[in-house]
Colleague: 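The structure under discussion is supplied below as structure tokens; questions concerning it will follow.
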Protein chains: 2
Amino acid sequence: MAPPSKVRPRTRIQREKQDVILNAALDVFSLHGFRGATIDQIAEAAGMSKPNLLYYFSSKEEIHRRLLEDMLDLWLDPLREFDAAGDPVSELRSYIRRKLEMARDFPRESRLFANEMLQGAPHAIDVLAGELKALVDDKAGVIESWMREGKITRTDPYHLIFSIWATTQHYADFDVQVRAVLGPARGGEGRFEDAARYLENLFMHGLVPKG
Amino acid sequence: MAPPSKVRPRTRIQREKQDVILNAALDVFSLHGFRGATIDQIAEAAGMSKPNLLYYFSSKEEIHRRLLEDMLDLWLDPLREFDAAGDPVSELRSYIRRKLEMARDFPRESRLFANEMLQGAPHAIDVLAGELKALVDDKAGVIESWMREGKITRTDPYHLIFSIWATTQHYADFDVQVRAVLGPARGGEGRFEDAARYLENLFMHGLVPKG
DNA sequence: TAACACTTTTTCCAACTGGTCAAAAATTCC
DNA sequence: GGAATTTTTGACCAGTTGGAAAAAGTGTTA
């Protein structure tokens with residue numbers, strides 16, 4: 001009789017339905033943002049009635065919060081793996097590759113995050129200024145030490161990280177534009193490999209010919 | 001007695017109030033997206049009642065359409081100026097600089113556009129696949145000819161343009177994140193000049209030391 | 001099979017949504 | 001100044017929104 005309401009599922013059905021709901025909600029939130037999304041839309045996408053959905057999550061906010069938490073965790077993984085002990089150039093190269101793979105494999109999560117940023121991060125500002133900043137500070141330190149050792153060009157490590165985020169997430173967040181501009185011939189599945197090749201070259205060597 | 005309803009303002013008051021409304025609407029739409037924005041919010045931000053606002057624009061869609069048109073025009077300006085006859089490296093450099101200035105000076109327009117992209121460009125897809133694609137095709141051709149002449153490194157011109165868009169617009173669209181990560185010390189006004197310096201270096205030379 | 005917890009549906013609600021309309025108020029123009 | 005026009009307001013409407021309540025159904029297990 002009493003709704004579960006708590007975050008932890010207790011039965012098999014609760015676990016399954018919560019997953020279905022979260023998946024549907026990710027579709028809707030990533031497309032319309034928090035305010036633009038409605039519980040009805042999510043419920044329909046999840047194949048259940050609105051009151052039924054509200055039996056598993058007590059509010060729209062709760063679903064969104066949960067989605068954002070899960071996403072942030074996934075999102076920061078590649079940066080966490082960034083290894084100070086590795087070879088600088090190949091570490092950066094594989095970080096870029098992993099971020100691009102995330103944009104390809106989790107475009108909805110990327111858009112959910114982008115929506116949150118566009119709205120001024122009302123639900124995530126604490127994570128940004130706390131956990132994320134700490135993590136970036138740490139990795140920026142690593143990058144700076146590589147620069148001091150002459151392993152990579154001396155430049156701003158923070159903006160370097162920003163530019164990796166921007167260029168990779170662009171392929172998820174601005175997917176429509178990318179497809180429209182590339183056209184049917186080049187906008188198919190191959191676009192991510194073209195992007196990977198291009199970005200590797202950009203970050204490694206830039207545009208001015210050497211020598 | 002009859003509302004103007006048409007796009008062209010006939011009196012001084014109509015011109016002024018339409019501007020006030022468009023400005024307020026830009027605030028609201030860029031923050032919440034089309035679906036998430038309400039006429040009431042816009043009216044309040046514009047300092048007038050909802051029916052009064054609807055006297056100047058016949059619907060929410062009309063305001064949004066108008067905003068998007070004006071923005072796309074402004075947005076494509078830097079790319080139009082891209083000059084085939086100029087020096088390749090300095091043309092690219094100044095394009096990057098101009099795009100970054102737009103992100104700094106028109107962040108709301110950038111976010112309006114980003115919102116539209118995240119939602120799959122329902123109102124702009126025609127422009128993307130038409131006017132924009134044609135323009136990019138043209139400029140990509142210019143870039144390609146520069147590459148053939150050996151003036152810049154051989155790479156994918158389309159993805160080059162994407163990466164310029166992505167890196168510059170990032171400072172408008174993800175402003176909250178940038179500020180949060182940089183912290184109070186480096187997240188102030190100077191961040192755009194730091195970004196300009198960094199991006200110039202990235203696009204020109206990349207990260208691998210030369211020689 | 002009967003008591004039990006778990007799940008789903010039906011009904012409902014108050015607040016909000018985009019938008020209309022007629023009348024009142026302000027402005028402009030002669 | 002007064003008529004004509006433009007602008008503003010207040011009341012209103014039908015549809016949607018997030019969510020509550022309670023009853024009805026569905027297992028599960030002693």
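Only a predicted model underlies this, so the values are computations on that prediction, with no experimental measurement involved. Protein chains get the first letters and strands the later ones, always in sequence-line order, with residue 1 at the start of each.
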Colleague: Where is the tightest heavy-atom contact between B:Glu81 and B:Glu91, given as atom of each residue plus distance?
Modeller: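 B:Glu81 and B:Glu91 have their closest heavy atoms at O-OE1, 4.2 Å.
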Colleague: Between the base of C:dG19 and the side chain of B:Lys60, is there a donor-acceptor distance below 3.5 Å?
Modeller: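 Side chain to base: no pair present.
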Colleague: When you match A:Glu61 and B:Met48 each to their closest nucleotide on DNA chain D, which lands nearer the 5' end?
Modeller: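 On the 5' side of the pair lies B:Met48.
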Colleague: Rounded to the nearest angstrom, tell me the gap between atom CZ in B:Arg35 and atom P in D:dG15.
Modeller: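 In whole Å, D:dG15 P and B:Arg35 CZ are 17 Å from each other.
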Colleague: What is the separation between atom OH on B:Tyr55 and atom C1' on C:dA23, rounded to the nearest whole Å?
Modeller: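 Answer to the nearest Å: 15 Å.
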Colleague: Can you tell me how far P of D:dA20 sits from CG of A:Leu54, to the nearest Å?
Modeller: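 Roughly 8 Å, once rounded to whole Å.
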Colleague: Does A:Ala37 reach a base, just sugar-phosphate, or nothing at all? Heavy atoms under 4.0 Å.
Modeller: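 Contact class for A:Ala37: sugar-phosphate only.
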Colleague: Could you state the CG-P distance from B:Leu53 to C:dG18, rounded to the nearest angstrom?
Modeller: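 The distance from CG of B:Leu53 to P of C:dG18 comes to 11 Å, rounded to the nearest Å.
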Colleague: Hey, would you say the B:His159 and A:Tyr171 ring centroids sit under 6.0 Å apart?
Modeller: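 Between A:Tyr171 and B:His159, which both carry aromatic rings, the centre distance is below 6.0 Å.
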Colleague: What is the distance from OH of B:Tyr56 to C1' of D:dT8, rounded to the nearest Å?
Modeller: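 It works out to 8 Å between those atoms.
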Colleague: Applying a 4.0 Å non-hydrogen cut-off, can you work out what A:Lys50 is touching in the nucleic acid: base, sugar-phosphate, or nothing?
Modeller: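 Base contact.
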Colleague: Grab the CG-P distance between A:Asp40 and D:dT17 for me, whole Å please.
Modeller: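 The answer, rounded to whole Å, is 6 Å.
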Colleague: Classify the nucleic acid contact of A:Ser49 as base, sugar-phosphate or nothing, counting any heavy atom under 4.0 Å across all strands shown.
Modeller: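 Base: the residue A:Ser49, judged by heavy atoms under 4.0 Å, touches a nucleobase.
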Colleague: How many Å lie between CD1 on B:Ile39 and C1' on D:dT16, as a whole number?
Modeller: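 Roughly 14 Å, once rounded to whole Å.
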Colleague: Could you state the NE2-P distance from B:His64 to C:dT17, rounded to the nearest angstrom?
Modeller: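 Checked: the NE2 to P distance equals 17 Å.
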Colleague: Do NZ/NE/NH1/NH2 and the carboxylate oxygens of B:Asp19 and B:Arg15 come within less than 4.0 Å?
Modeller: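 Salt bridge: no.
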